[in-house]
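The next block holds one structure in the form of structure tokens; read it before the comments.
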Amino acid sequence: MYRLWFTALIAVYTAVALVPSYTRAAVKIHILAGSPPNPPTGTFNDEVCTQAQADTIRAGITDAKNMANVAINVLKPTDMNKSNGFYWLFGGSTVSAAFVSKRFAFVNNLGTPDTITSTAPFQNSATDLIFTCIPASAPKSEEAYANTLNIGKKTTSGVVSNLNLIRFSPSGLANTESFVTAAARIRASGNIASAFPMINAKPSPPLAFTLVHEVQHSNPLLDNPETDHFIDQKDFDNKRAYGFNQIQAKLDANLKRLNPQNYAFFGLLAQSNPEYFLPNCYIGNPLGSAGTSSSAVGHLASGTCTANSTVCAACERIIKGIPSDINLAHFDDDTQ
Ligand SMILES: *[C@@H]1O[C@H](CO)[C@@H](O)[C@H](O)[C@H]1NC(C)=O
Ligand SMILES: *[C@@H]1O[C@H](CO)[C@@H](O)[C@H](O)[C@H]1NC(C)=O
Ligand SMILES: [Zn+2]
């Protein structure tokens, strides 16, 4: 009997030892939900989501994973990195599609969340990530759709965070529709702004869009936070690049693949205009410098599309970038 026990124990230890050390620990996802503490505590415990907000976040996570998988599929064809769309969004064939694909795989690290009533048990736990809902009365709620904090990093107020958080403001949760619905409108109208309906006088992104962005800031979801952590890059005017024209035409080509908002827009366009990313939707090499995509006045040569006429016509329509523009408020990283 003892001997059997011993053998079993050895087997367990061996199995544990065989798990490769590079396997990242699964992240546990939580939503802070219930009723807010009264009186307020002045801590993140005040950022309690309502049941409706918690449901919105849950649906948003599912939708964001769908968006990630749509993006990953569009990134598969060999040579897609020479497509027009890849050029505008990520800087062209000097970037590997696999690099971009990996960033969408991080979105799939978002597991199914449970609900919690206090952040206290998760302090300094690198493998827990908590979604919170910033009350409408908080200053941050005006300024940003969302804000990501990481353990060990200084917050805006100069305090070092002891929690991993993704915080949504009311405007970040205002639009509850799927990115698929939003993308269908882009396809029909040719207008990127149609994906961001005005709610309370603000263009409101689908939650999947915001999540794909914030995941790029969230250390517990990354393979290696040291090298994988992204901040929001600044454009030629020294402004964080959140707008559609900004991320394509006003951002240094070398920064595009490092800017979370480029991934969010790519996810949307992968659904609305996959032809934009076909290797055949290709205008010659080298592509030249970026024009202004919003005005669709580039100086790019006419198409060299070798696909069938339907695909080539769709490609031709967006050969100089998808026209139209949208400016968006902040999607904060933890330096803001
Ligand atoms: C772009 O894609 C092609 C085909 O897959 C590949 O050979 C090339 O190395 C890629 N560019 C980069 C920078 O990875
Ligand atoms: C053109 O190619 C696309 C994509 O491969 C395909 O879905 C479509 O059916 C083709 N259309 C024609 C008219 O061959
Ligand atoms: Zn950001």
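For ligands, and for the atoms within them, numbers begin at 1 and follow the listed sequence. What's counted below: heavy atoms across the whole structure, side chains too, no hydrogens, waters or symmetry copies. Quick caveat, the model's predicted, so the values are computed rather than measured.
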* Asked: What angle sits at the Zn ion (ligand 3) between NE2 of His213 and NE2 of His217, to 10°?
  -> 100°
Do me a favour and list the nearest non-hydrogen protein atom to [atom] with residue, atom name and distance?
| atom | value |
| --- | --- |
| atom 4 (C) of ligand 2 | Val311 CG2, 3.9 Å |
| atom 13 (C) of ligand 2 | Thr310 OG1, 3.9 Å |
| atom 1 (C) of ligand 2 | Asn308 ND2, 1.5 Å |

* Structure fact -> Checking heavy-atom distances from atom 8 (C) of ligand 1 to each of Thr78, Asn81, Asp79, the winner is Asn81
* Under-4.0 Å heavy-atom contact between protein and atom 11 (N) of ligand 1 -> yes
* Using only heavy-atom distances, determine whether the side chains of Asn73 and Lys76 contain a donor-acceptor pair under 3.5 Å. => yes
* Asked: Is it the case that Asp232 and His213 place a side-chain donor and acceptor less than 3.5 Å from each other?
  -> yes
* Would Ile151 and Val215 show up in the same hydrophobic cluster when neighbours are defined by side-chain heavy atoms closer than 4.5 Å? -> no
* **Heteroatom N/O/S of Asp232 within less than 2.8 Å of the Zn ion (ligand 3)** => yes
* Please confirm if an N, O or S atom belonging to His330, backbone or side chain, lies less than 2.8 Å from the Zn ion (ligand 3). => no
* Taking C-beta and beyond as the side chain, do Tyr145 and Pro203 meet within less than 4.5 Å on heavy atoms? -> yes
* Asked: Side chains of Leu89 and Gln248: does their closest heavy-atom pair fall under 4.5 Å?
  -> yes
* So, Asp114 and Lys28, do they make that salt bridge, N to O below 4.0 Å? -> no
* ligand 1 atoms in contact with Thr94 (distance to a heavy atom under 4.0 Å) -> 13 (C)
* By number and element, which atoms of ligand 1 are closer than 4.0 Å to a non-hydrogen atom of Ser96? -> 12 (C), 13 (C), 14 (O)
* Asked: Can you tell which of Tyr263, Phe99, Phe265 makes a ring pair (Phe, Tyr, Trp, His ring centres under 6.0 Å) with Phe90?
  -> Tyr263
